Amino acid sequence: MDEKLASPAALVHGQDRAAKRHLLESRLLGDFPRLGPERRAAGWTELAEVYSATGNPADAAICWINAVWDSSTPPVAWLEQWMLAECRAARQNAPVPSLDRWLSEPGRFGAGRIVAAYAVWAAHQPTAPGDLVAALPRVMTFLDQHFDDLPARAAWLARLAVTQLCSGDALGLARWRDRILARLRDKGPGLDLDEPSFLRFHGTASPDRFQTAREWLVRSQKPILDWVGKLGSSGRLQWAGLDAETDCTAAYAQLMLAWGLGCLGERSRSRDWTARARKVLGRATGPGLDPAVHAVLLDAFQERIRDVQEGRQPKPGFPPDLRGRVDQLTDVHLGRYAVDKFRRHSRILEPVGSGRDYGGLNLRAFRGYDLLGERLQLLADRSDPAVLAEEAKSILAACAAAPASTTVPRVALTLLDLAPQLEPALVGQVLGLAEPAASWMEAWFDALSWGDANTSAKLPHYLMRLLQSALAAAAWFNQWPAIRPLVEFLVSRSGSDPALRSAVLLATGSLFRSLRKLGYKAEAEALLQRLDPGRGEWPTDAPTLPPSQFGLAIGWFAVGDEDAGNRILNDARNRLFVARTGDDRDRTELAIAYAEALGFAPPRIALGRLEEIFQLLERVTVTGSTNRYFTLKPLQLIDAVVRSVVTEDFALGPAVRGWLDDDEFLIRRRIHRDMSTVLREGGMA
């Protein structure tokens with residue numbers, strides 16, 4: 001449990017205090033459901049005192065709120081400490097704020113929380129302060145305006161205190177209760193509002209790394225947006241994809257950064273950056289531009305940002321209302337194409353799955369033109385999960401009745417692309433087809449009669465797509481036993497089958513990410529030994545560094561060989577920023593793959609190198625058919641960079657999710673109890 005002596009917390013505040021803080025946090029997380037209210041209150045006060053002593057007033061305020069909540073008669077000293085912590089968090093040094101001053105500056109940082117704390121403190125005094133009594137209508141309005149910025153407990157305690165000072169207003173309190181309960185129902189307790197920050201990084205990411213990632217995103221916002229602005233001004237040929245689009249591209253970059261802050265629980269700044277992007281996208285105009293495209297993408301980003309802010313695991317695909325709006329888009333102005341293209345190249349928008357760009361036409365010939373091929377093509381166009389599931393069951397049953405090289409590869413590839421939208425039980429059946437589909441893929445190509453040249457060129461790409469989809473689906477649904485036959489097939493055959501080896505090299509990045517999630521470390525290491533016996537060495541005189549090398553770097557980092565991974569990253573950095581080899585297209589793909597791989601490197605290496613991308617990378621590909629809406633390749637790079645800063649190590653684990661469920665119950669129980677008391681005392685029970 002002890003922190004290393006070299007950690008910043010230990011150096012600044014002392015080893016004993018840092019260790020005590022860590023011990024208290026771990027004890028609260030582990031014992032929280034089993035503690036009674038008085039013991040919880042005692043634990044919160046002890047942790048609040050440590051946070052106050054170590055210069056963390058924001059977390060101290062949350063702990064004092066929780067202590068007050070769990071105490072039937074909170075000591076006045078606790079209320080004073082809560083108010084003092086809120087003042088310090090808002091950078092206000094006065095121990096008691098001037099109420100009129102805060103009410104007169106509603107936009108000032110922390111104003112709502114200070115007024116809430118002041119109201120609760122005042123209600124517990126023998127005689128309520130005259131300034132509060134005189135300003136009660138203004139205070140109620142002020143709390144209403146700042147509702148979204150108040151922790152659920154603080155919002156309830158403040159409104160309850162105001163109700164008591166008003167000698168009634170049970171109806172107003174009941175409406176306030178409904179508002180808080182609606183927020184809890186829709187979002188649950190907010191990680192940045194209702195919980196101390198240690199919950200946000202509980203897991204493999206350390207507190208220091210959490211703080212470093214947050215500071216990186218805030219510090220890098222301006223350099224990233226400035227870099228986008230230098231891509232080129234919007235010109236007359238933007239509609240044709242020849243001139244870059246920068247205004248909306250910068251807005252989408254801002255949304256990606258807001259998503260990153262949301263992952264770290266920074267709701268206020270994330271919301272501010274989202275609002276700025278919304279203004280830009282809302283006023284975007286131009287020839288041949290469909291405003292519905294920006295509206296759909298903006299709402300999709302906001303949905304993803306809400307997911308991470310509230311600690312929810314994002315669901316594959318779009319919610320039903322957004323799916324319907326996407327289906328209504330047409331390609332008269334390349335609207336549907338632009339949305340699908342963005343979804344395919346952004347793992348923030350589509351955390352799992354490959355999207356459906358080109359309307360599935362790129363797989364049309366592979367699926368075939370017989371009856372089964374027509375069914376698969378229609379199935380791939382479905383957006384209703386219920387209809388999709390029923391048709392998938394029917395096709396799986398037909399395939400199981402007569403498995404063959406002419407059916408299994410195309411059925412497996414189609415259903416694996418759709419796996420994120422299927423039920424887990426169906427996904428297990430589809431994964432069972434992955435290994436035979438890979439074995440029979442070449443035989444299906446022979447049946448298609450595309451010719452030897454086409455087969456040798458296309459077979460590795462279709463195998464790659466099969467491998468990526470299968471392993472990603474297995475990792476998403478944690479179906480590690482179902483994917484074992486395919487993993488063993490890859491290890492045994494990748495050294496002797498040229499097409500399979502090429503496919504594995506094309507898929508290395510996503511493949512090793514998935515193997516890491518599934519726990520196949522030994523198999524990943526065996527595969528790496530076959531694919532990269534030189535352990536990261538690449539000829540220095542080679543004209544380009546293929547993207548597959550970065551997938552190998554991810555693999556080496558995943559199995560714990562940092563030296564091999566760093567050799568690849570060092571070579572890439574030299575080619576990008578020193579030798580500056582390759583044309584714009586090669587350098588763009590190199591930069592994207594480099595940024596992806598840095599997400600698996602140690603943070604001490606990764607963050608500095610991610611930052612210098614926007615300082616030293618001058619030329620990237622800016623042409624593309626989406627340019628009337630946004631410039632895609634720079635956004636793909638920014639997407640990779642943000643995800644490499646906010647890695648999966650920051651994801652909430654089951655212990656934290658259980659904490660949030662228990663905490664929501666405690667909040668609801670206290671609100672219902674207080675409301676019953678107010679009604680009973682008012683003779684309305």
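For clarity, every value in this text was computed on a predicted model and none was experimentally measured.
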Check: With E562, which residues qualify under side-chain hydrogen bond (donor to acceptor under 3.5 Å, both in side chains), at least two apart?
Finding: R604
Next item on the list: For the pair R484 and E488, find out whether any cationic side-chain nitrogen is under 4.0 Å from an anionic carboxylate oxygen.
Entry: yes
Checklist line | Side chains of T631 and E245, donor plus acceptor under 3.5 Å | finding: no
Notebook entry, point to check: Taking 4.0 angstrom as the limit, do D272 and R276 come out as a salt bridge?
Noted result: yes
Margin query: So for atom CZ, which belongs to R325, do other residues, nucleotides or ligands contribute more than 12 heavy atoms lying within a distance under 6.0 Å?
Written below: yes
Notebook entry, point to check: Is the closest basic N to carboxylate O distance between D340 and R336 below 4.0 Å?
Noted result: yes
Next item on the list: Rounded to the nearest 0.5 Å, what's the gap from CG on L637 to OG1 on T588? Could you check?
Entry: 8.0 Å
Margin query: Could you check whether E612 pairs with R573 (Lys NZ or Arg NE/NH1/NH2 to Asp/Glu carboxylate O, under 4.0 Å)?
Written below: yes
Margin query: What's the separation between atom CZ in R269 and atom CG in L261, rounded to the nearest 0.5 Å?
Written below: 7.0 Å
Check: Does a salt bridge link D571 with R575, judged by any charged N lying under 4.0 Å from a carboxylate O?
Finding: yes
Check: Backbone N or O of F489 within a donor-acceptor pair of the S492 side chain at under 3.5 Å?
Finding: yes
Checklist line | SB check R513 E596 (cutoff 4.0 Å) | finding: yes
Next item on the list: Check whether NZ of the Lys or CZ of the Arg R343 lies under 6.0 Å from the centre of the six-membered ring of F318 and within 45 degrees of that ring's axis.
Entry: yes
Note to self: If we check side-chain contact (heavy atoms from CB on, under 4.5 Å) with R367, which of these qualifies: L413, V411, T414?
What the structure shows: T414
Next item on the list: I would like to know whether W556 and D532 meet side-chain hydrogen bond (donor to acceptor under 3.5 Å, both in side chains); could you show each step before the answer?
Entry: CA-CA 10 Å; W556 287 121; D532 188 21; 2.8 Å; yes
Item checked: T621 and D584: side chain donor to acceptor below 3.5 Å -> no
Margin query: Just verifying a value: how many Å separate E435 CD and L490 CG, rounded to the nearest 0.5 Å?
Written below: 9.5 Å
Next item on the list: State whether R643 and D639 are salt-bridged, where the test is any N-O pair (Lys NZ or Arg NE/NH1/NH2 against Asp/Glu carboxylate O) under 4.0 Å.
Entry: yes
Note to self: Check whether S346 reaches the backbone of F342 with its side chain - one donor and one acceptor, N or O, closer than 3.5 Å.
What the structure shows: no
Check: F445 vs F366 aromatic rings, parallel, tilted or perpendicular, using cut-offs 30° and 60°?
Finding: tilted
Checklist line | Straight-line distance of L616 CG to L576 CG, nearest 0.5 Å | finding: 9.5 Å
Margin query: Salt bridge or not between D561 and R535? Use side-chain N to carboxylate O under 4.0 Å.
Written below: yes
